[in-house]
Chemist: 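Below you'll find the structure I mean.
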Amino acid sequence: MAQKFQNFINGKWVDAKSGRAFENRNPANWEEVVGTFPKSGKEDVDEAVKAARAAFEKWRLVPAPARSDIMRKLGDLMARRKEELAREMTREMGKVLAETRGDVQEGIDTAYYAAGEGRRLFGKTVPSELPNKFAMSMRVPIGVAGVITPWNFPMAIPTWKIFPAVLSGNTVVFKPAQDTPKTATTLVEIMMEAGIPEAVVNIVHGGGSEVGTAIVGHPDVDLVSFTGSTVVGKQISKDAAETLKRVSLELGGKNAQIVMDDADLDLALDGVLWGAFGTTGQRCTATSRLILHDKIYEKFMSMLVDRTKKLKLGDGLKAGTDVGPCVNESQRKTVESYVEVGKKEGATLVVGGAAAKGDGLSKGWFHEPTIFTDVTPAMRIAKEEIFGPILSVLRAKSLEDAIRTLNNTIYGLSSSVYTRDVNKAFTAMRDIQAGITYINASTIGAEAHLPFGGVKQTGNGHREGGWTVYDFFTEWKTVYVDYSGKLQRAQIDNY
Ligand code: NAD
């Protein structure tokens with residue numbers, strides 16, 4: 001019998017009011033049920049928002065350094081349980097253990113960063129233009145934050161949002177992805193153990209069209225922090241406009257790695273293998289396109305094909321596995337459909353191209369690491385986010401040509417250039433249209449204390465991570481104190 005999990009609303013573990021539930025299965029072995037979770041609806045969201053609203057009135061008054069103390073405990077608890085959390089995550093969504101350990105570590109880093117930030121939520125004191133008048137600005141919490149997350153970073157992404165939200169004095173209604181409800185539930189348990197008061201964080205499990213839309217449309221939710229696909233992000237933007245909520249959108253990508261003719265090819269090879277096939281290509285920052293300079297094209301391709309064929313697919317919990325499964329059946333079908341698209345568009349399939357079979361793979365959503373060459377910028381496989389282990393290879397004659405091809409997408413999240421020429425590196429840093437650019441490193445590898453986000457249709461201009469996320473979760477309040485004892489009119493009495 002599968003273990004049953006619940007929502008956490010107003011400090012209590014409860015079922016969905018409808019009594020409905022959904023199953024979560026291991027993508028490396030679909031016969032293994034990880035657990036059953038409440039299939040919630042609007043009525044559950046209403047309860048959670050009501051509780052979060054009431055809790056906000058107390059929580060906003062707790063001094064930020066006291067909230068910091070809880071964040072520090074949270075980091076300690078997560079660090080102590082890192083291995084267990086990583087194993088649980090691999091079982092739930094498939095990526096290999098080294099990567100799920102990294103995912104948990106990102107949450108730990110985010111907790112400790114938040115702990116420091118509680119003593120550093122600086123405002124500014126500035127001179128007033130009038131005598132005997134004091135002027136300052138300060139950050140204040142906003143209210144109830146709706147947090148809606150995807151499945152590919154089940155621990156890191158929720159912590160990127162919830163920890164700064166809570167540290168800033170907001171309360172939270174959290175809806176995790178249906179593919180990763182277990183990791184999300186454990187995270188909430190740990191938050192309670194660390195001392196976050198009841199109802200400051202609430203979790204409501206269920207589908208996007210039921211729970212997600214109810215959060216976004218709720219008049220008492222003040223802000224929504226969303227990470228997921230561009231298509232859903234656009235819908236959320238429209239839905240949130242009804243109540244003029246503040247919305248942070250972190251969306252899709254079609255990231256590229258450029259390899260110039262002067263690059264260290266071995267280094268570039270490690271970079272692209274990690275970027276394209278790490279997390280089975282299911283990262284928003286995954287390397288989905290490789291742009292090779294003509295002069296090294298043949299040599300690099302032969303190195304790449306050789307190494308790709310050696311990648312070992314399997315259960316991420318087993319030592320020696322390089323690439324895990326796709327997260328579910330629908331994701332693998334998407335990957336398969338793009339293999340057909342690539343073939344029809346006239347690209348050349350050089351490695352992979354099929355659902356993987358073999359020992360230990362028959363009951364999982366495995367797909368072979370796949371590479372297409374002869375890809376042109378106009379092809380769909382060069383433009384659309386696939387979110388799976390498919391790499392499209394394009395050619396370039398020069399750096400300018402390569403950057404033009406890299407920029408030829410509606411997205412702008414991550415990017416990478418391998419070159420030994422400092423002039424080329426700085427030109428690329430300036431001209432690439434992306435929120436993140438790596439020089440001589442893969443497109444994946446963001447660190448928790450730096451701004452994270454993209455340009456163009458990857459988002460709406462906000463940044464997660466580091467100090468920048470605190471701009472989203474706080475409001476600026478400006479305060480003037482006039483101690484002159486008389487009416488002083490700005491811009492009038494002083495000129
Ligand atoms: P998704 O958009 O399908 O779902 C994300 C979340 O939104 C889920 O919790 C889902 O239930 C919910 N949702 C779905 N429809 C909704 C609606 N109408 N209203 C409110 N909520 C709704 O994305 P996914 O498949 O879980 O994740 C993959 C996508 O996430 C990829 O496009 C990837 O690039 C993107 N992603 C982006 C970043 C980033 O920081 N830019 C990071 C990770 C993943």
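Nothing here was measured: the structure is a model prediction, and the numbers come from that model.
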Chemist: State whether the side chain of K254 and the backbone N or O of I381 hold a donor-acceptor pair below 3.5 Å, judged by distance alone.
Modeler: yes
Chemist: What residues form a side-chain contact (heavy atoms from CB on, under 4.5 Å) with A396, not counting sequence neighbours?
Modeler: I291, D401, A402
Chemist: Would a 4.5 Å heavy-atom cut-off, applied to side chains only, mark V201 and M192 as touching?
Modeler: yes
Chemist: Using the rule salt bridge (Lys or Arg N to Asp or Glu O under 4.0 Å), only one of D270, D266, D322 pairs with R307; which is it?
Modeler: D270
Chemist: Going from OG1 on T36 to CZ on R20, what distance comes out if it is rounded to the nearest 0.5 angstrom?
Modeler: 14.0 Å
Chemist: Tell me every residue that passes ring pair (Phe, Tyr, Trp, His ring centres under 6.0 Å) with Y113, counting only those two or more places apart in sequence or in another chain.
Modeler: none
Chemist: Minimum heavy-atom separation for A382 and V375, please, with both atom names.
Modeler: CB-CG1, 3.7 Å
Chemist: For W13, which residues count as a ring pair (Phe, Tyr, Trp, His ring centres under 6.0 Å) partner, sequence neighbours excluded?
Modeler: F8
Chemist: Side chains of F473 and S225, heavy atoms from C-beta outward: is any pair under 4.5 Å?
Modeler: yes
Chemist: Not counting sequence neighbours, which residues clear side-chain contact (heavy atoms from CB on, under 4.5 Å) with D294? List them please.
Modeler: R395, K397
Chemist: Determine yes or no for a side-chain-to-main-chain donor-acceptor pair under 3.5 angstrom, with S40 supplying the side chain and H205 the backbone.
Modeler: yes
Chemist: side-chain contact (heavy atoms from CB on, under 4.5 Å) with L85: which of I190, L187, T183, T90?
Modeler: I190
Chemist: Indicate yes or no: does E250 engage K161 in a salt bridge with an N to O separation below 4.0 Å.
Modeler: no
Chemist: Taking C-beta and beyond as the side chain, do T149 and F174 meet within less than 4.5 Å on heavy atoms?
Modeler: yes
Chemist: For V96, what residues pass the side-chain contact (heavy atoms from CB on, under 4.5 Å) criterion, not counting sequence neighbours?
Modeler: E99, T321
Chemist: Tell me whether N440 contacts the main-chain N or O of T419 through its side chain, where contact means a donor paired with an acceptor under 3.5 Å.
Modeler: yes
Chemist: Taking all non-hydrogen atoms of both residues into account, name the closest pair between A114 and S68 and its distance.
Modeler: O-OG, 4.0 Å
Chemist: Answer yes or no: is there a donor N or O on one side and an acceptor on the other, between the side chain of T468 and the main chain of G465, under 3.5 Å?
Modeler: yes
Chemist: Whether the side chain of T458 engages the backbone of K456 through a donor-acceptor N/O pair (distance < 3.5 Å, no angle test) should be reported.
Modeler: no
Chemist: List for me each residue that meets side-chain contact (heavy atoms from CB on, under 4.5 Å) alongside T334, sequence neighbours excluded, and say none if there are none.
Modeler: Y338
Chemist: Is a side-chain donor-acceptor pair under 3.5 Å present for E88 with T186?
Modeler: yes
Chemist: Whether the K234 and Q457 side chains hold a donor-acceptor pair (N or O, under 3.5 Å, no angle test) is what I'd like checked.
Modeler: yes
Chemist: Between CD1 of I439 and NZ of K424, what distance do you get to the nearest 0.5 Å?
Modeler: 12.5 Å
Chemist: State the CD1-OG distance between I258 and S415, to the nearest 0.5 angstrom.
Modeler: 8.0 Å
Chemist: Would you please say whether a donor-acceptor pair under 3.5 Å links the side chains of D44 and N7?
Modeler: no
Chemist: For A355 versus E336, what's the shortest heavy-atom pair and its separation?
Modeler: CB-OE2, 3.4 Å
Chemist: Report yes if some heavy atom in the side chain of E92 is under 4.5 Å from a heavy atom in the side chain of D179; otherwise report no.
Modeler: no
Chemist: Under 3.5 Å, is there a donor-acceptor pair between the side chain of T409 and the main chain of Y411?
Modeler: yes
Chemist: Taking only residues at least two apart or on different chains, which pairs with a member in residues 343-386 satisfy ring pair (Phe, Tyr, Trp, His ring centres under 6.0 Å)?
Modeler: W30-W365
Chemist: Output the distance between atom CZ (R380) and atom OG (S392), rounded to the nearest 0.5 Å.
Modeler: 12.0 Å
Chemist: Suppose the criterion is ring pair (Phe, Tyr, Trp, His ring centres under 6.0 Å): which pairs have a residue in residues 438-466, not counting sequence neighbours?
Modeler: W160-F452, H462-F472
Chemist: Residues two or more places apart in sequence or in another chain: which of them pass ring pair (Phe, Tyr, Trp, His ring centres under 6.0 Å) with Y418?
Modeler: none
Chemist: Any chance you could lay out the side chain to side chain contact (heavy atoms under 4.5 Å, CB included) test for M303 and K299, step after step, and finish with the verdict?
Modeler: CA-CA 6 Å; M303 292 162 69; K299 181 169 183 208; 4.2 Å; yes
Chemist: Looking at E31 and K363, does any basic side-chain N land under 4.0 Å from a carboxylate oxygen?
Modeler: yes
Chemist: Which heavy-atom pair separates N408 from P377 by the least distance, and what is that distance?
Modeler: ND2-CB, 3.3 Å
Chemist: Does R463 come within less than 4.0 Å of D471, counting only side-chain N to carboxylate O?
Modeler: no
Chemist: For K82, does the NZ atom have more than 12 heavy-atom neighbours from other residues, nucleotides or ligands under 6.0 Å away?
Modeler: yes
Chemist: Within the side chain of E193, is there an N or O that forms a donor-acceptor pair under 3.5 Å with the backbone of L77?
Modeler: no
Chemist: Mind checking whether Q6 and D15 have side chains closer than 4.5 Å, heavy atoms only?
Modeler: yes
Chemist: Hey, mind stepping through V216 and I148 against side chain to side chain contact (heavy atoms under 4.5 Å, CB included) and telling me if it holds?
Modeler: CA-CA 9 Å; V216 175; I148 304 175; 3.8 Å; yes
Chemist: Determine whether I70 and R67 make a side-chain contact, defined as any pair of heavy atoms from C-beta on separated by less than 4.5 Å.
Modeler: no
Chemist: Nearest 0.5 Å, what's the CZ-CG distance between R283 and N255?
Modeler: 11.0 Å
Chemist: So, does T280 use its side chain to make a donor-acceptor pair with the main chain of Q282 at under 3.5 Å?
Modeler: no
Chemist: Measuring only between side-chain heavy atoms, which start at C-beta, is E384 closer than 4.5 Å to V341?
Modeler: no
Chemist: Before giving the answer on salt bridge (charged side-chain N to carboxylate O under 4.0 Å, His left out), spell out for E340 and K343 the whole-Å C-alpha distance, their side-chain angles and the decisive distance to 0.1 Å.
Modeler: CA-CA 5 Å; E340 291 314 307; K343 285 185 195 162; 3.4 Å; yes
Chemist: Taking D76 first and then K73, would you say they form a salt bridge - that is, a charged N and a carboxylate O separated by under 4.0 Å?
Modeler: no
Chemist: Work out which heavy atom in F5 is nearest to a heavy atom in G35; give both atom names and the distance.
Modeler: CE1-CA, 4.0 Å
Chemist: For residues 310-317, which side-chain donor-acceptor pairs fall under 3.5 Å, sequence neighbours excluded?
Modeler:
| residue | atom | partner | partner atom | Å |
| --- | --- | --- | --- | --- |
| K310 | NZ | D306 | OD2 | 3.3 |
| D315 | OD1 | L317 | N | 2.9 |

Chemist: Answer yes or no: is there a side-chain heavy-atom contact under 4.5 Å between S237 and N460?
Modeler: no
Chemist: Could you tell me whether the side chain of T100 and the main chain of A86 form a donor-acceptor pair under 3.5 Å?
Modeler: yes
Chemist: Roughly how far, to the nearest 0.5 Å, is the CD1 atom of I162 from the CE atom of M191?
Modeler: 4.0 Å
Chemist: Not counting sequence neighbours, list each pair that qualifies as a ring pair (Phe, Tyr, Trp, His ring centres under 6.0 Å) and has a residue in residues 273-301.
Modeler: none
Chemist: Using every non-hydrogen atom in the two residues, find where V104 and M89 come nearest and quote the distance to one decimal.
Modeler: CG2-CE, 3.8 Å
Chemist: Once salt bridge (charged side-chain N to carboxylate O under 4.0 Å, His left out) is applied, do any residues pair with K344, and if so which ones, sequence neighbours excluded?
Modeler: none
Chemist: Using only atom types and a distance under 3.5 Å, with no angle test, would you say the side chain of T227 pairs donor to acceptor with the backbone of P150?
Modeler: no
